[in-house]
Structure formats: structure tokens, C-alpha cells
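Down below is the structure, laid out as C-alpha cells.
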Number of protein chains: 2
Amino acid sequence: MLEELGLEELSLRKIAARVGVSHAAPEHHFPTLRHLLTAFAVEGFRLFAASMRSAMAQAPDDPAEQLRAAARGYLAFASTRPHLFRLMFTANRLDWDDPALGPPSNAAHAVLEEISLPVAKRLKRDTPEGRAAVEQLVWSQIHGHAHLLIDGKLAPEGDGGTGCEPFAAPLDLASVLLPD
Amino acid sequence: MLEELGLEELSLRKIAARVGVSHAAPEHHFPTLRHLLTAFAVEGFRLFAASMRSAMAQAPDDPAEQLRAAARGYLAFASTRPHLFRLMFTANRLDWDDPALGPPSNAAHAVLEEISLPVAKRLKRDTPEGRAAVEQLVWSQIHGHAHLLIDGKLAPEGDGGTGCEPFAAPLDLASVLLPD
DNA sequence: TCCTCATCTTGTCGGTGACAAGATCAAGCA
DNA sequence: TGCTTGATCTTGTCACCGACAAGATGAGGA
């Protein structure tokens with residue numbers, strides 16, 4: 001329903017109606033809309049990490065290929081579930097004190113650290129600060145691409161599209177940071 | 001009021017009350033909340049472009065420095081007006097058929113094209129497709145950085161912060177794409 | 001048998017965007 | 001001067017929303 005209606009149009013009452021239950025029933029399971037959205041994000045981060053892991057598992061065991069694959073998984077998730085993706089990264093709608101949110105979020109983050117490490121080594125920045133800087137650079141690029149994609153800022157650039165996957169960037173960071 | 005209350009807490013009625021006017025008065029000027037938010041975005045894109053232009057005007061006339069300066073202006077705007085920034089890039093809340101939205105948006109976009117051109121040349125990709133690819137790469141990185149910043153994903157990395165500007169990336173694309 | 005607790009229902013509250021009908025008032029014109 | 005017009009605002013109302021309160025229901029255990 002989140003992807004169907006969008007976050008703005010989604011309401012506890014519509015969810016209850018769809019389930020065939022009274023308008024106040026959901027509030028027993030999720031005292032507040034905030035709790036429900038946080039539960040969405042928990043599941044979202046799980047799916048998010050799985051999407052990246054799945055893409056990486058299908059790619060050659062090469063740093064640049066793994067970096068590209070993770071980005072593909074990142075963008076595939078964002079474009080498949082744009083509203084969930086946006087929700088997961090909208091701080092003020094989520095309860096980050098909920099202990100259920102930490103582990104899935106960290107699991108997704110771990111993927112980023114993993115793919116950034118070879119880049120840091122290649123750039124001779126294999127220190128804690130260096131790794132953090134490289135991770136920030138890599139993450140920013142993929143994250144920005146995802147946001148621009150789901151906000152429709154990237155598609156209209158296209159030539160006569162042959163339905164090409166939106167996540168095959170014509171110029172990717174991997175080829176810049178990890179040249180052959 | 002947008003930055004003070006956030007988009008979720010902002011309402012036509014609160015705006016009317018603050019102005020000291022009846023709850024239905026704003027609807028004459030902005031028939032719909034959507035129209036008001038679109039007007040916000042129009043002004044937002046103006047301020048956004050101005051923020052980038054201002055930073056660029058204070059920087060040396062060097063491609064890498066201009067690229068860094070534009071990024072600084074981009075991030076300064078996003079961190080100063082996070083709710084407006086998010087609104088501007090949330091497609092489904094805005095009326096992109098409103099003719100007032102195109103010019104300011106294009107003006108902001110023009111800055112990106114401008115700073116991406118030297119990078120395309122340096123990378124020997126000075127064709128229409130190449131320029132678009134480079135612009136997408138540069139834009140994605142800055143845009144992602146901005147989003148991560150306003151969603152609080154970047155700050156906690158920090159050492160004992162000396163209140164350093166959040167937009168001084170420890171490793172910036174300019175130094176990777178435009179080495180001395 | 002009775003208690004307890006999770007679950008759900010019903011009813012209500014204030015707040016919200018949207019709409020309708022009418023009041024007010026200044027500008028323009030005969 | 002007096003009328004009209006149109007922009008602006010008010011008042012009142014509607015359905016919808018999240019939240020809360022009070023109570024019905026029903027299963028499992030003491």
C-alpha cells in the first residue's frame with residue numbers, strides 16, 4: 001500500500017479498511033503512525049541489504065565489479081520501492097531510538113564499507129579517516145543517483161530508450177576510481 | 001515556517017493564523033496546498049542557484065576550484081534550508097506543469113552543466129553523451145552528499161568536531177576527476 | 001470456574017484541506 | 001455621484017485523519 005498510494009496518501013484507517021478491521025485496530029500493534037513507519041523501515045533496510053547482496057553474488061569477484069554490482073542493487077531497490085526508500089532516509093519520520101532499526105540499518109551500511117575498502121587501498125588512503133572519506137564519496141554518488149532517479153531527474157536525458165536498465169550509469173565511479 | 005515546523009507540520013491554517021487572517025484566506029492566492037508548495041519551490045530554486053553562484057564568485061577561476069565552490073554552495077543551501085531542499089526534489093508534491101517552475105529550475109541546472117564541462121574535457125568525453133554522463137556523475141555525488149548530510153548520516157562519523165563546515169568533504173570528486 | 005491479557009469495536013476529539021456562499025472594499029466608469 | 005466589477009477575506013461546512021478512551025470478546029491458564 002505504501003508503494004501503491006505513496007506516503008502522503010497512506011493512512012492507518014486505509015490500512016485497517018484493507019485488512020477488513022476497524023479503524024482503531026492497528027493502533028494496538030503500532031501505537032503511533034511513527035511506530036508503523038519505523039517497522040516499514042526495518043523491513044526496508046533488510047530488503048535493501050538483500051538487494052545489494054544479491055547483485056554482488058551474481059557479479060565476478062573483482063573489486064570494481066563488486067562496486068558496480070552493489071550500486072546496481074542499491075538503485076534497483078530504490079527504483080522498485082521509491083516510497084519505502086525515501087521513507088528509510090527521512091530522519092524525522094522514523095524513531096531511530098527503536099532498537100529494531102539499528103541492526104538492519106547497520107547491515108546495509110556494512111555493504112558500503114565492504115565495497116569501499118578496495119577503493120581506499122587503491123587510492124592509498126587505507127587509514128580510518130581515509131576509509132571514511134572514500135566511503136562517503138562512494139555512498140554519496142550512489143545515493144544521489146538513486147534520489148535523482150526516483151525523482152525523475154535522470155530519465156528525460158535519454159535518447160530513444162530501448163528500455164535499458166536505469167542503473168547502468170554511462171560513466172560510473174568504479175571506472176574512475178578503479179581503472180583497469 | 002517551513003524550516004521551523006517541517007513540511008509535515010506545516011498547514012495552510014497555521015500560515016493563515018500567523019498572518020492573522022482567516023483559515024480560508026490563503027486559498028484565494030493558492031487554490032491548493034500543492035500550488036503553495038510549488039511557489040515555495042520556485043523561490044527555492046532561485047535561492048539555490050544564487051547560493052551556488054555566490055560561492056563560485058568567491059573562488060578562483062580554476063575548474064577544480066569552481067567545481068568545489070559550486071558544491072559548497074549546493075551543500076550550504078541544503079543544510080541551511082533542509083526542508084525546502086527536500087521539497088524541491090520531491091516530485092509528487094510539486095506541480096511541474098506550472099510554468100513558473102521551469103526557469104528557476106533550469107537556472108540551477110545550468111550551474112551543474114557549467115561546472116561539469118571542464119571535467120568532461122579532462123576525461124576526454126566532450127560529446128553530448130559524454131557531457132551528460134559526467135554531469136550525472138558530478139550531480140549525483142553532490143546531491144547524495146546533500147541528502148546524507150540533511151538526514152544526519154554524515155555527522156556522526158566525526159572526530160571531536162571543531163564546528164568545521166559540513167561541506168568540506170575530506171575527499172572530493174574534484175581532486176579525483178581534476179588532479180593538478 | 002474465574003481471571004487475565006491480547007485483540008478488536010465503537011465513539012469521540014481536535015486538526016486538516018477543500019469547498020460554498022456571502023461580506024467588504026477599492027478601482028473604474030457612466 | 002452612483003453603479004458595477006473583481007479581488008480579497010470571512011464564516012460555515014464536509015470528509016478524512018491520528019489519537020485517545022471505554023468497553024466487548026474470547027482464548028489460555030490457575
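Labels below follow one simple rule: chain letters A, B, ... track the order of the sequence lines, proteins then strands, and each chain is numbered from 1. The model shown is predicted, which means the values in this text are computed figures rather than measured ones.
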Given DNA chain C, 5'-ward residue of the pair B/Leu12 and A/His29, judged by closest heavy atom = A/His29
How close or far is atom C1' of C/dA18 from atom CG of B/Leu33, stated in whole angstroms?
-> 11 Å
Determine, step by step, whether A/His23 and A/Leu12 satisfy the side-chain contact (heavy atoms from CB on, under 4.5 Å) criterion, reporting the C-alpha distance in whole Å, the side-chain angles of both residues, the deciding distance to 0.1 Å, and the verdict.
-> CA-CA 7 Å; A/His23 71 261; A/Leu12 286 170; over 6 Å; no
List the atom of B/Pro26, the atom of B/Val21, and the distance in Å for their closest heavy-atom pair.
-> CD-CG1, 4.4 Å
Considering only side-chain heavy atoms of B/Lys14, which listed nucleotide, C/dT16, C/dC19, C/dA6, is closest?
-> C/dT16
So what does B/Ser22 hit on the nucleic acid, given a heavy-atom distance under 4.0 Å: a base, only sugar-phosphate, or nothing?
-> base
Whole-Å distance between C/dA18 C1' and B/Glu27 CD?
-> 6 Å
Nucleotides bounding contact with chain A, strand DNA chain D, heavy-atom threshold 4.0 Å | D/dC17 to D/dC20
Whole angstrom value for the distance that separates C1' of C/dT16 from CD of A/Glu9 | 13 Å
So, the side chain of B/Arg34 versus the backbone of B/Leu94: is there a donor-acceptor pair under 3.5 Å, distance only?
-> yes
C/dC8 P sits how many Å from A/Phe30 CZ, rounded?
-> 11 Å
Flag yes if B/Val111 and B/Leu117 sit in one hydrophobic cluster, no otherwise; membership is Ile, Leu, Val, Met, Phe, Trp, Tyr, and two members link when side-chain heavy atoms are under 4.5 Å apart.
-> no
Please step through ring-ring contact (aromatic ring centres under 6.0 Å, His included) for the pair B/Phe85 and B/His143, ending with a clear verdict.
-> CA-CA 10 Å; B/Phe85 178 80; B/His143 192 67; 5.6 Å; yes
B/Leu36 atom CG is separated from C/dA18 atom P, nearest whole Å, by 10 Å
Produce the list of close N/O pairs, under 3.5 Å, pairing protein atoms with atoms of nucleotides 12-14 of chain C; give distances to one decimal.
none

Listed once per pair and sorted, the side chain to side chain donor-acceptor pair (under 3.5 Å) pairs that draw on residues 108-117 of chain A, sequence neighbours left out = A/Arg53-A/Glu114, A/His109-A/Glu135
Any donor-acceptor pair under 3.5 Å linking the side chain of B/Ser51 with the backbone of B/Leu47?
-> no
Between A/Ala108 and A/Phe48, the two heavy atoms sitting closest are CB-CD2, 3.8 Å
Taking 4.0 angstrom as the limit, do B/Arg13 and B/Glu27 come out as a salt bridge?
-> no
